[in-house]
Engineer: 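First the structure, which I've put down as structure tokens, then a few questions once you've had a look.
Being a predicted model, the structure only gives us computed values, none of them experimental.
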Amino acid sequence: MSSSPARIFAELNAVRPPDPAGPIMGRAVVIGGSVAGLLAARVLSDFAESVVIIDRDDLHATGARPGVPQGTQLHALLPGGFLQLELLFPGFREQAVAQGAIDSPPPSRRNYLDGRVKVVVPDDADSLAGTRPFLEGLIRQRVLALANVQTRLARAVGLVFDGAATTGVRVDLDGTPGVESADLVVDAMGRSSRLSDWLHQAGWERPVTRRMTVNLNYATAMFRRRDSNPQPALVLALHSPRLSSDVAGAAFFAVEDDRWMAMMAGYGDNRPGRTAADFVRRMREQFPPEFGEVAANELLGDVQTYHHADSRRRDFHALTRFPARLVSVGDAVASFNPVYGQGITAATLHAACLSTYLRSKPDLSVPAREFLALQKVVVDAAWSTSTSADLALPHVDGPYPRAYRLRSWASRQIVAATVTDVAVARRFNQVVSMRAHPNSLITPGVILGALRANRRARSADQRAR
């Protein structure tokens with residue numbers, strides 16, 4: 001691929017309408033009704049005569065899905081993902097707000113680093129706040145309303161191959177076996193995807209799986225919200241790894257049904273907020289005043305906890321032999337430390353990769369190398385952003401990439417400058433919200449701007465003393 005990763009990333013983020021070119025295949029099958037699977041089905045609906053989504057959960061039911069154990073935790077819809085959803089589902093924003101989502105333009109968002117409030121970037125992209133079941137439900141509602149999309153309540157148990165191509169998915173419905181034939185199969189089975197095993201069993205290569213152990217512990221609680229138009233509507237407070245003790249950070253969002261959704265996280269043996277009393281105490285004592293104000297409201301239900309052991313990626317792009325008519329998306333390819341909120345947004349960009357690939361009218365009888373190359377750019381970007389930050393954690397011990405110490409120093413300078421400098425904060429926000437490639441952040445111009453901003457901040461602090 002001749003284009004640079006930064007250019008490819010920019011093209012994937014370009015605002016353009018879905019392609020109305022018409023079908024290039026008969027039937028597509030998506031394994032898994034996750035957000036990534038739903039978005040893949042939405043893209044496929046433009047290029048396939050029919051699309052079938054296979055899932056063990058009833059996708060027509062409302063509320064949280066049993067197959068999403070982390071669904072009760074706080075999820076972020078980063079601006080990059082929000083823009084992609086609006087592209088795939090025109091009017092998504094209006095529909096979401098009408099049903100209770102909270103619009104979050106830049107002035108309504110507040111970010112703290114080690115207790116210091118960051119500058120607001122006035123022209124930053126808007127975001128949207130809602131619970132995972134709410135946002136996923138909206139996406140599911142839009143996808144299942146498409147005339148050529150249907151669901152199959154079943155368990156996928158394997159693939160069918162004909163020579164070098166995938167031709168279907170083996171399913172099991174209450175002990176009754178069957179086959180869903182397909183011109184293209186999309187694996188969206190999440191972190192526990194069995195695709196690697198199925199490939200190995202059928203004589204194909206198994207992709208290398210890379211892991212970075214993070215041992216993140218989440219706790220999320222709901223509080224009553226009385227203000228229908230809260231300001232701020234979203235607050236994030238992070239502690240630098242070198243300065244934090246047992247809590248890495250906390251956040252709260254205004255979400256649907258007049259609630260606040262609050263989260264705090266710790267690593268290793270630190271499990272802050274596991275009980276209601278501990279959660280409320282920490283909100284009041286360890287974070288800026290806004291957190292105490294939220295905690296003063298009625299606690300709704302129990303504190304929900306979740307443990308995330310590691311970030312992982314499966315390098316399908318590196319396989320020398322790979323079946324035709326098969327791709328994988330979402331957490332089935334790569335899942336990251338959820339504290340950075342990349343999951344849903346990464347899934348939207350995987351959908352953008354699939355759309356770009358299919359718009360080229362590819363030869364489906366050969367492996368989808370063009371798709372894998374596009375997807376690698378997205379995975380590399382998210383992986384480098386999250387794992388570079390994770391490597392600064394005291395309990396994480398590599399693997400360290402080349403020039404890690406230099407890049408780590410530059411990253412610390414840039415992050416510090418986001419507290420006071422709008423220009424640096426703007427570029428930083430574009431990268432962490434997955435609207436720009438990380439290569440656009442670690443540049444001489446940005447680093448010099450960060451150093452100047454930090455020098456000005458130190459001088460101002462000295463004058464204030």
Side-chain angles (χ1 to χ4, degrees), residues 12 18-19 21 23-57 59 65 67-68 80-81 84-85 87-89 92 135-152 156 159 166 168-169 180 182-195 314 316-317 322-335 342-360 362 364 367-368 370-379 382:
L12 291 172
D19 195 304
I24 63 172
M25 70 185 83
R27 195 164 190 254
V29 173
V30 179
I31 311 174
S34 61
V35 169
L38 293 168
L39 296 176
R42 165 62 190 89
V43 169
L44 289 167
S45 71
D46 287 334
F47 300 95
E49 294 175 359
S50 65
V51 182
V52 177
I53 307 172
I54 301 171
D55 200 281
R56 290 177 295 178
D57 294 336
L59 298 181
R65 290 194 300 116
V68 188
Q84 291 290 335
L85 287 179
L87 173 65
L88 289 169
F89 308 106
F92 184 86
L135 294 172
E136 184 176 333
L138 287 175
I139 296 170
R140 189 163 59 239
Q141 179 182 340
R142 294 291 291 267
V143 171
L144 299 188
L146 297 169
N148 62 341
V149 175
Q150 55 186 296
T151 64
R152 178 82 187 272
L159 297 176
T166 310
V169 179
E180 293 286 342
D183 297 307
L184 180 68
V185 173
V186 178
D187 162 32
M189 290 184 282
R191 278 171 60 88
S192 59
S193 170
R194 301 180 300 283
L195 179 59
R314 298 177 174 99
F316 290 102
H317 68 275
F322 191 70
R325 303 182 182 275
L326 176 67
V327 298
S328 190
V329 296
D331 284 359
V333 179
S335 61
Q342 297 171 309
I344 294 178
T345 299
T348 68
L349 288 170
H350 288 198
C353 293
L354 184 60
S355 179
T356 300
Y357 166 68
L358 294 175
R359 276 202 309 275
S360 70
L364 296 178
E370 295 86 355
F371 167 79
L372 294 174
L374 289 170
Q375 187 183 58
K376 179 181 182 297
V377 173
V378 174
V379 173

Engineer: Below 4.5 Å, heavy atoms only, C-beta onward: do Phe371 and Leu358 meet side chain to side chain?
Structural biologist: no

Engineer: I would like to know whether Val51 and Leu146 meet side-chain contact (heavy atoms from CB on, under 4.5 Å); could you show each step before the answer?
Structural biologist: CA-CA 10 Å; Val51 182; Leu146 297 169; over 6 Å; no

Engineer: Between Val52, Leu159, Val186, which is the residue that forms a side-chain contact (heavy atoms from CB on, under 4.5 Å) with Ile31?
Structural biologist: Leu159

Engineer: Hey, what do you get for OG1 (Thr151) to CG (Asp57), rounding to the nearest 0.5 Å?
Structural biologist: 11.5 Å

Engineer: Compute whether any side-chain donor of one residue and acceptor of the other, for Ser335 and Arg191, lie under 3.5 angstrom apart.
Structural biologist: yes

Engineer: Mind running side-chain contact (heavy atoms from CB on, under 4.5 Å) on Thr166 and Phe322 for me, showing each step along the way?
Structural biologist: CA-CA 10 Å; Thr166 310; Phe322 191 70; over 6 Å; no

Engineer: Could you state the interatomic distance from OG (Ser355) to CG (Leu374), rounded to the nearest 0.5 Å?
Structural biologist: 10.5 Å

Engineer: Where do Thr345 and Gly81 come nearest, in terms of heavy atoms and distance?
Structural biologist: CG2-N, 3.2 Å

Engineer: If we ignore hydrogens and angles and just use 3.5 Å, is the side chain of Gln342 paired with the main-chain N or O of Ala382 as donor and acceptor?
Structural biologist: yes

Engineer: Could you report the tightest heavy-atom contact between Val378 and Ala346, atom names first, then the distance?
Structural biologist: CG1-O, 4.4 Å

Engineer: Indicate yes or no for a side-chain donor-acceptor contact from Arg325 to the backbone of Asp183 under 3.5 Å, with no hydrogens or angles considered.
Structural biologist: yes

Engineer: Do Phe316 and Lys376 touch side chain to side chain, with heavy atoms closer than 4.5 Å?
Structural biologist: no

Engineer: Counting only heavy atoms not in Arg194, do more than 12 sit closer than 6.0 Å to its CZ atom?
Structural biologist: yes

Engineer: Return the CZ to CD distance between Phe92 and Gln84, rounded to the nearest 0.5 Å.
Structural biologist: 12.5 Å

Engineer: Kindly indicate whether the side chain of Pro362, heavy atoms from C-beta on, has any atom under 4.5 Å from the side chain of Ile24.
Structural biologist: yes

Engineer: Give, for atom CD of Gln375 and atom CG of Leu12, the distance between the pair rounded to the nearest 0.5 Å.
Structural biologist: 10.5 Å

Engineer: Shortest non-hydrogen contact from Ala41 to Val143?
Structural biologist: CB-CG1, 4.1 Å

Engineer: Just by modelled atom types, is the Gly330 backbone N or O under 3.5 Å from a matching donor or acceptor in the His350 side chain?
Structural biologist: yes

Engineer: Hey, could you give me the CG/CG distance between Leu44 and Leu354, rounded to the nearest 0.5 Å?
Structural biologist: 5.0 Å

Engineer: Identify the two heavy atoms, one from Val29 and one from Ala182, that lie closest to each other, and give their separation to 0.1 Å.
Structural biologist: CG2-CB, 3.6 Å

Engineer: Counting distance only, does the side-chain N/O of Arg42 pair as donor-acceptor with the main-chain N or O of Leu88 below 3.5 Å?
Structural biologist: yes

Engineer: Is the closest side-chain heavy-atom distance between Leu39 and Leu85 below 4.5 Å?
Structural biologist: yes

Engineer: If you look at every heavy atom in Ala188 and Ser34, which pair is closest and at what distance?
Structural biologist: O-OG, 3.3 Å

Engineer: For the backbone of Ala48 and the side chain of Arg27, can you confirm whether one donor and one acceptor N or O come within less than 3.5 Å of each other?
Structural biologist: no

Engineer: If you take all heavy atoms of Ala368 and Val327, which pair is closest and at what distance?
Structural biologist: CB-CG1, 3.8 Å

Engineer: Under 3.5 Å, side chain of Asp55 to main-chain N/O of Gly33, donor-acceptor pair present?
Structural biologist: yes

Engineer: With rounding to the nearest 0.5 angstrom, report the CD to CD1 distance, Gln150 to Ile53.
Structural biologist: 9.5 Å

Engineer: Between Ser193 and Asp187, is there a side-chain donor-acceptor contact under 3.5 Å, judged purely by atom types and distance?
Structural biologist: yes

Engineer: Heavy-atom distance under 4.5 Å between the side chains of Val30 and Leu38, does that happen here?
Structural biologist: no

Engineer: Any side-chain to backbone donor/acceptor pair from Arg314 onto Ala332? Under 3.5 Å, distance only.
Structural biologist: yes

